[in-house]
Asks: 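Shown below is the structure under consideration.
For this chain, numbers begin at 1 and follow the sequence in order. Note that the structure is predicted; figures quoted are calculated from it, not measured.
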Amino acid sequence: MPKISTSIKRIILVPGLLEPKCAFRPLKHLLSKQFDRVEIFKDRLAFRDPSESVERLRGMIASGGPNDTVGIVTHSFGDWIAGKPLRLQQPIAFTHWYQ
């Protein structure tokens with residue numbers, strides 16, 4: 001995999017609704033070679049009010065401070081969970097948004 005030139009310092013991996021978090025481990029390992037911090041969003045998305053998961057992810061995104069740059073990789077329902085706090089976060093600057 002070629003080295004990526006970017007200002008992103010931290011990657012958050014958000015799994016799908018019933019997807020086991022361990023499914024992201026190979027990707028986490030690969031991305032850890034190129035980024036300072038790679039984290040898996042460990043939340044029980046199923047059988048929980050989605051607004052709780054949204055708030056937990058919102059806090060995780062904000063925890064890096066105002067100068068932190070975050071890349072978010074999602075799968076399946078993780079896209080909805082990740083998109084909600086990003087739309088609520090103020091102020092926020094997007095450089096890329098792929099769906």
Side-chain angles (χ1 to χ4, degrees):
M1 181 174 197
K3 186 77 173 164
I4 298 171
S5 174
T6 183
S7 62
I8 294 173
K9 296 177 184 152
R10 183 166 58 120
I11 300 287
I12 299 174
L13 304 172
V14 184
L17 184 64
L18 296 173
E19 183 177 30
K21 281 88 184 139
C22 63
F24 265 133
R25 284 191 191 141
L27 183 58
K28 179 182 179 184
H29 176 72
L30 183 66
L31 292 172
S32 294
K33 296 175 183 179
Q34 297 188 27
F35 297 95
D36 294 342
R37 243 170 72 201
V38 180
E39 307 167 80
I40 297 175
F41 179 57
K42 295 178 178 150
D43 192 55
R44 190 186 60 203
L45 300 177
F47 313 114
R48 171 185 281 190
D49 180 1
S51 62
E52 290 181 43
S53 297
V54 167
E55 282 306 310
R56 288 194 68 229
L57 183 58
R58 187 177 182 177
M60 189 176 189
I61 293 167
S63 70
N67 296 323
D68 192 26
T69 51
V70 180
I72 299 174
V73 177
T74 67
H75 181 263
S76 184
F77 189 65
D79 179 54
W80 186 89
I81 294 294
K84 187 82 169 169
L86 293 177
R87 288 186 289 275
L88 296 174
Q89 198 91 10
Q90 296 298 326
I92 191 164
F94 292 100
T95 54
H96 298 86
W97 179 269
Y98 300 106
Q99 288 189 319

Asks: My understanding is that only residues two or more places apart in sequence, or in another chain, count here; which of them pass side-chain contact (heavy atoms from CB on, under 4.5 Å) with S32?
Replies: K28, V38

Asks: Rounded to the nearest 0.5 Å, what separation is found between the CD1 atom of I72 and the CZ atom of F41?
Replies: 10.0 Å

Asks: Measure the shortest side-chain to side-chain distance between E39 and S63 over non-hydrogen atoms and say whether it is less than 4.5 angstrom.
Replies: no

Asks: Quick one: pull up CZ in F24 and CD1 in I40 and give me the separation to the nearest 0.5 Å.
Replies: 7.5 Å

Asks: To the nearest 0.5 Å, tell me how far L31 CG sits from L13 CG.
Replies: 6.5 Å

Asks: Using 0.5 Å steps for rounding, measure from the CZ atom of R37 to the CD1 atom of I8.
Replies: 14.0 Å

Asks: Atom CD1 in I11, atom CG in L30: separation rounded to 0.5 Å?
Replies: 11.0 Å

Asks: R25: what forms a salt bridge (Lys or Arg N to Asp or Glu O under 4.0 Å) with it, not counting sequence neighbours?
Replies: none

Asks: Could you tell me which residues satisfy salt bridge (Lys or Arg N to Asp or Glu O under 4.0 Å) with E52, sequence neighbours excluded, listed by chain and number?
Replies: R48

Asks: Looking at CE of M60 and CZ of R10, how far apart are the two atoms once the value is rounded to the nearest 0.5 Å?
Replies: 6.5 Å

